[in-house]
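Chain naming here is simple, since letters A, B, ... match the order of the sequence lines and numbering starts at 1 in each.
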Number of protein chains: 2
Amino acid sequence: MHVDSLKKELKERKYRMTPQREQVLKVFIETNSEHLGAEEVYRYLLSKRINVSKATVYRTVDLLVELGFLRKLQFDEGVYRYELVDKDNKHSHFICNSCGKIYELKDELSPDKILKDYTDLLRAQGFEVNEFDVKFRGMCPKCSKKTRKDK
Amino acid sequence: MHVDSLKKELKERKYRMTPQREQVLKVFIETNSEHLGAEEVYRYLLSKRINVSKATVYRTVDLLVELGFLRKLQFDEGVYRYELVDKDNKHSHFICNSCGKIYELKDELSPDKILKDYTDLLRAQGFEVNEFDVKFRGMCPKCSKKTRKDK
DNA sequence: ATATATGCAAAACGTTTGCGGCCGC
DNA sequence: GCGGCCGCAAACGTTTTGCATATAT
């Protein structure tokens with residue numbers, strides 16, 4: 001389970017396991033990693049009567065990024081969002097400008113495999129590529145359908 | 001010239017041409033669109049003894065985005081940056097984690113053409129794609145070389 | 001003449017930090 | 001017991017806002 005590997009990873013790096021760290025990680029597991037921001041994680045825990053301070057949530061999501069459990073995302077809103085890292089399930093994002101929903105594009109809908117080829121190209125130019133990400137923007141199927149009806 | 005088309009575009013949308021708007025646009029032209037943030041635009045103008053208020057700079061870059069002269073960018077730093085839109089020169093970005101420099105990847109180094117194919121794929125699924133962007137991260141040739149020497 | 005744009009200062013926003021006390025190891 | 005972690009509140013940097021004044025049309 002995810003929580004166990006957190007315990008293990010923390011020990012290896014001489015960090016400590018705490019109830020707060022477990023709870024924050026659990027939020028992402030329970031919510032299916034819905035691209036939450038730190039503030040939202042905090043409120044989610046409050047709503048479940050789990051006592052954590054806001055500062056700890058901010059520190060913890062940072063730590064979880066450092067440990068490789070979370071990925072930090074930005075969608076042009078002035079908020080950092082986070083998602084669970086799942087190495088076997090690389091994906092890119094589609095953000096609907098109408099309803100704001102963020103879609104995860106996986107498998108054949110995700111251009112990740114092809115972008116990997118580009119990292120080789122960049123490497124040949126002296127760039128060391130550690131990561132890359134793609135974002136698409138526009139209108140999602142639902143909103144698109146709605147708009148056409150409205151006319 | 002860019003400034004003339006600004007004048008034209010403003011008139012069309014019933015906005016007014018002002019010295020401040022001209023000056024802000026000029027900053028991006030003069031600096032070759034170096035991914036400046038609003039704060040930096042403000043300081044640049046101050047340094048040239050051009051009087052504009054910070055609030056106006058913020059309002060103006062927003063307006064220039066709306067009018068299609070600038071593109072709003074984010075590079076994980078808590079600052080919005082802006083670049084001149086140049087439709088004939090689509091590019092993606094490489095951000096060096098070591099020195100922070102942002103490189104523009106153009107032509108054969110930019111995967112934009114291939115990503116366009118993906119927008120067709122998404123369209124077939126009901127998504128309307130208006131825009132997309134790619135970011136690569138890692139170490140740029142300069143820093144990479146330096147690091148190897150340091151060892 | 002009118003309404004839009006500006007400047008200023010204050011507020012808002014998400015995030016980070018300093019510090020005393022707590023608690024995992 | 002030690003050192004890392006926590007909670008609190010204050011500080012931070014960027015961006016937005018309200019309002020009175022100036023100015024483009």
Side-chain angles (χ1 to χ4, degrees), chain A residues 3-4 6-27 35-46 49-67 69-82 100, chain B residues 3-4 6-27 35-46 49-67 69-82 100:
Chain A
V3 173
D4 291 330
L6 173 58
K7 211 169 284 189
K8 189 174 146 240
E9 193 66 27
L10 286 169
K11 185 174 271 178
E12 249 164 50
R13 309 222 199 175
K14 313 235 191 266
Y15 292 126
R16 291 177 185 171
M17 184 56 163
T18 66
Q20 290 87 340
R21 288 174 178 178
E22 173 169 351
Q23 291 300 340
V24 169
L25 178 55
K26 270 189 173 171
V27 171
H35 311 102
L36 302 178
E39 198 79 26
E40 291 169 333
V41 172
Y42 173 65
R43 277 192 239 116
Y44 182 88
L45 287 171
L46 270 201
R49 303 250 149 57
I50 295 170
N51 275 3
V52 193
S53 74
K54 202 178 281 195
T56 296
V57 174
Y58 275 95
R59 286 190 274 237
T60 303
V61 290
D62 270 4
L63 179 67
L64 292 175
V65 169
E66 190 196 326
L67 297 181
F69 287 82
L70 296 181
R71 192 182 348 261
K72 193 175 189 175
L73 305 171
Q74 241 180 339
F75 297 108
D76 268 32
E77 330 149 88
V79 188
Y80 290 112
R81 301 189 166 279
Y82 301 85
Chain B
V3 174
D4 291 330
L6 174 58
K7 210 167 284 189
K8 189 175 147 235
E9 193 67 27
L10 287 170
K11 185 173 271 179
E12 249 164 48
R13 309 221 199 175
K14 312 235 192 270
Y15 292 124
R16 291 176 185 173
M17 184 56 164
T18 66
Q20 289 88 340
R21 289 174 178 177
E22 173 169 351
Q23 292 300 341
V24 170
L25 178 56
K26 270 187 174 172
V27 171
H35 311 104
L36 302 178
E39 199 78 25
E40 290 169 332
V41 171
Y42 172 65
R43 277 192 239 117
Y44 182 88
L45 287 170
L46 270 200
R49 304 251 150 58
I50 296 169
N51 274 4
V52 193
S53 74
K54 200 178 281 196
T56 296
V57 173
Y58 275 95
R59 287 189 274 236
T60 303
V61 291
D62 269 4
L63 179 68
L64 292 175
V65 169
E66 190 196 325
L67 297 180
F69 288 82
L70 296 181
R71 192 183 347 262
K72 194 174 188 174
L73 306 170
Q74 241 180 337
F75 298 107
D76 268 33
E77 331 150 86
V79 189
Y80 289 111
R81 301 190 167 279
Y82 300 85

I'd like a table of donor-acceptor pairs (distance under 3.5 Å, sequence neighbours excluded) in which one partner is a side-chain atom from residues 74-81 of chain A, with atom names and distances.
| residue | atom | partner | partner atom | Å |
| --- | --- | --- | --- | --- |
| A/Gln74 | OE1 | B/Asp76 | N | 2.9 |
| A/Glu77 | OE1 | A/Arg81 | NE | 3.4 |
| A/Glu77 | OE1 | A/Arg81 | NH2 | 3.4 |
| A/Glu77 | OE2 | A/Arg81 | NE | 2.9 |
| A/Tyr80 | OH | B/Gly78 | N | 3.0 |
| A/Arg81 | NH1 | A/His35 | O | 2.7 |
| A/Arg81 | NH1 | A/Glu40 | OE1 | 2.9 |

Item to check | Between C/dT16 (P) and A/Glu39 (CD): distance, integer Å | outcome: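 Spelled out: CD on A/Glu39 to P on C/dT16 is 12 Å.
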Checklist entry - Atom CD of B/Glu22 and atom P of C/dA5: how far apart are they, to the nearest Å? => result 16 Å
Checklist entry - Given that A/Arg43 and A/Lys7 both sit by DNA chain C, which one's nearest nucleotide is further toward the 5' end? => result A/Arg43
Checklist entry - What is the bend of the helix from C/dA1-D/dT25 to C/dC25-D/dG1 when you compare the axis at one end with the axis at the other, using five pairs each and rounding to 10°? => result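 The angle separating the two end axes equals 40°.
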Checklist entry - Under the side-chain contact (heavy atoms from CB on, under 4.5 Å) criterion, do A/Lys72 and A/Tyr82 qualify, and how do the steps go? => result CA-CA 5 Å; A/Lys72 193 175 189 175; A/Tyr82 301 85; 3.7 Å; yes
Item to check | Derivation of the side-chain contact (heavy atoms from CB on, under 4.5 Å) call for B/Leu25 and B/Thr60 | outcome: CA-CA 9 Å; B/Leu25 178 56; B/Thr60 303; over 6 Å; no
Next on the checklist: Quick check on contacts: within residues 69-81 of chain A, what sits under 4.0 Å from DNA chain D by heavy-atom distance?
Outcome noted: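 Contacts with DNA chain D under 4.0 Å: none.
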Next on the checklist: Rounded to the nearest 0.5 Å, what separates atom CG in A/Leu45 from atom CG in A/Asn51?
Outcome noted: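 So the CG of A/Leu45 and the CG of A/Asn51 are separated by 9.5 Å.
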Item to check | Interatomic spacing from CD in A/Glu9 to CG in A/Asp4 - rounded to 0.5 Å | outcome: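 Spacing of CD (A/Glu9) from CG (A/Asp4) equals 13.0 Å.
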Item to check | B/Thr18 side chain near C/dT6 phosphate (N/O to OP1/OP2, under 4.0 Å) | outcome: yes
Next on the checklist: Does a side-chain N or O of A/Tyr58 approach OP1 or OP2 of C/dT15 to a distance below 4.0 Å, or not?
Outcome noted: yes
Next on the checklist: Whether the side chain of A/Arg21 engages the backbone of A/Arg16 through a donor-acceptor N/O pair (distance < 3.5 Å, no angle test) should be reported.
Outcome noted: yes
Atom of [X], atom of [Y] and distance for their closest heavy-atom approach:
X: A/Ala38; Y: A/Tyr58; result: CB-CE2, 3.5 Å
X: B/Leu6; Y: B/Met17; result: CD2-CE, 4.1 Å
X: A/Val52; Y: A/Tyr42; result: O-CE1, 3.2 Å
X: B/Leu63; Y: B/Tyr15; result: CD1-CE1, 3.8 Å

Item to check | Pairs touching residues 53-65 of chain B that satisfy salt bridge (Lys or Arg N to Asp or Glu O under 4.0 Å), sequence neighbours left out | outcome: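 Counting only pairs at least two positions apart or across chains, the salt bridge (Lys or Arg N to Asp or Glu O under 4.0 Å) contacts touching residues 53-65 of chain B are B/Glu39-B/Lys54.
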Next on the checklist: A/Gln23 vs A/Gln20, test: side-chain contact (heavy atoms from CB on, under 4.5 Å). Steps then yes/no.
Outcome noted: CA-CA 5 Å; A/Gln23 291 300 340; A/Gln20 290 87 340; 5.7 Å; no
Checklist entry - First contact, last contact: which nucleotides of DNA chain D are these for chain B, 5' to 3', heavy-atom distance under 4.0 Å? => result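 First and last nucleotides in contact are D/dT14 to D/dT25.
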Item to check | Most 5' of A/Pro19 and B/Ala38 on DNA chain D, judged by nearest nucleotide | outcome: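 The residue closer to the strand's 5' end, by nearest nucleotide, is A/Pro19.
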Identify each atom pair where a protein N or O and an N or O of nucleotides 7-10 of chain C are less than 3.5 Å apart, giving names and distance.
| residue | atom | partner | partner atom | Å |
| --- | --- | --- | --- | --- |
| C/dG7 | OP1 | B/Gln20 | NE2 | 3.2 |
| C/dG7 | OP2 | B/Ser53 | N | 3.0 |
| C/dG7 | OP2 | B/Ser53 | OG | 3.1 |
| C/dG7 | OP2 | B/Thr56 | OG1 | 2.8 |
| C/dG7 | N7 | B/Arg59 | NH2 | 2.9 |
| C/dG7 | O6 | B/Arg59 | NH2 | 3.3 |

